[in-house]
Amino acid sequence: RFIACPALARTVQRCLQDGAGGGPQPVLLECAPGPGVLTRTLLNAGVRVVALESNPVFLPNLQSLENSLDGQLKVIYGDFFRLDPLDKMLKPPAVCSEKLFEAVGVSAVPWRADVPVKVFGILPQNRERTMLWRLLFALYECSSIYRYGRVELNLFVSEKEYKVLTAKPRETNAYQALSVLWQIGCDIQLLHMEPWSSFVTNLKNGALAVPKS
């Protein structure tokens, strides 16, 4: 799923930059930018963007945009949701976080320091729970992206999974281990709600379509 609506892109950009001070801003790692609507909106707002794209269909336009700028955008072939695979098999588009952060010039900082990197992405609908557990394990182990400090995650998730993440003990139908561990490890905030119909998905022929759900 991708953002193709300029109005939604501006909303996301404002959420990502809300509260930004006047000092140096963290790098924004955009996962699966697709057609690049959000990418351009972020760039126009002065954000330094690293676009991690795994679909070859979208790479030429993103790389053309990269070449037209002076270092504000870096495009990398890779899939954030296949970052640091457990079996260590780095077959593209799987990516090693160490090489990724080295390529974009991000060094590790102490946990109490400022956020070095912000991540924006849309969790794959058929792998939401798996990815939430993987990110959670990395957080508690201070491994993968969390070896570099307090990386900030900005993710679109389904309402079902959001309710699990934020469930209280009295909500017995949703409250579970995942709820407890995420709430202990993170400050979870609802920044924006958007129906899935606002996003588009890519077809096998490279065209874009609005998903049914």
Original post:
Backbone N or O of Val164 within a donor-acceptor pair of the Ser179 side chain at under 3.5 Å?
Top reply: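 Flag set: sc Ser179 to bb Val164 pair under 3.5 Å.
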
Original post:
Is a side-chain donor or acceptor of Gln25 paired with a backbone partner of Val47 at a separation under 3.5 angstrom?
Top reply: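 Such a contact is absent between Gln25 side chain and Val47 backbone.
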
Subject >> Among Leu73, Val49, Val37, the one residue meeting side-chain contact (heavy atoms from CB on, under 4.5 Å) with Leu42 >> reply: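 Among Leu73, Val49, Val37, the one that satisfies the side-chain contact (heavy atoms from CB on, under 4.5 Å) with Leu42 is Val49.
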
Side chains of [X] and [Y] in contact at under 4.5 Å (non-hydrogen atoms):
X: Pro35; Y: Phe58; answer: yes
X: Cys96; Y: Asp84; answer: yes
X: Pro33; Y: Leu38; answer: no
X: Ser97; Y: Arg147; answer: yes
X: Leu139; Y: Glu141; answer: no

Atom [atom1] of [X] and atom [atom2] of [Y]: how far apart are they, to the nearest 0.5 Å?
X: Tyr162; Y: Leu190; atom1: OH; atom2: CG; value: 4.0 Å
X: Gln72; Y: Asn44; atom1: CD; atom2: CG; value: 8.0 Å
X: Leu83; Y: Leu52; atom1: CG; atom2: CG; value: 7.5 Å
X: Leu155; Y: Cys31; atom1: CG; atom2: SG; value: 7.5 Å

Original post:
Are Ile122 and Val117 grouped together when hydrophobic residues (ILVMFWY) are joined by side-chain heavy atoms under 4.5 angstrom apart?
Top reply: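 Each belongs to a different hydrophobic cluster.
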
Original post:
Parallel, tilted or perpendicular for Tyr146 and Trp111, by the 30°/60° rule?
Top reply: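 Correct class here is tilted.
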
Going by atom types only, do [X] and [Y] share a side-chain donor-acceptor pair under 3.5 Å?
X: Ser158; Y: Gln125; result: no
X: Asn55; Y: Glu53; result: no
X: Asn173; Y: Glu171; result: no

Original post:
What do you reckon, is CD of Glu194 surrounded by more than 12 foreign heavy atoms closer than 6.0 Å?
Top reply: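 Counting neighbours around CD of Glu194, more than 12 heavy atoms of other residues, nucleotides or ligands fall under 6.0 Å, so yes.
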
Original post:
Going through the checks in order, is the side-chain contact (heavy atoms from CB on, under 4.5 Å) test met by Leu181 and Tyr140?
Top reply: CA-CA 9 Å; Leu181 293 170; Tyr140 276 88; 4.0 Å; yes

**OP:** Assess whether side-chain hydrogen bond (donor to acceptor under 3.5 Å, both in side chains) is satisfied between Thr39 and Glu30, documenting all intermediate values.
**Re:** CA-CA 8 Å; Thr39 312; Glu30 184 185 6; 2.7 Å; yes

Original post:
Looking at Phe120 and Ile3, what are the two nearest heavy atoms and their distance?
Top reply: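 The answer is CZ-CD1, 3.8 Å.
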
Which donor-acceptor pairs under 3.5 Å do side chains of residues 60-69 form with protein atoms, sequence neighbours excluded?
from, atom 1, to, atom 2, distance (Å)
Glu66, OE2, Val75, N, 3.3
Asn67, ND2, Gln63, O, 3.2
Ser68, OG, Leu65, O, 2.7

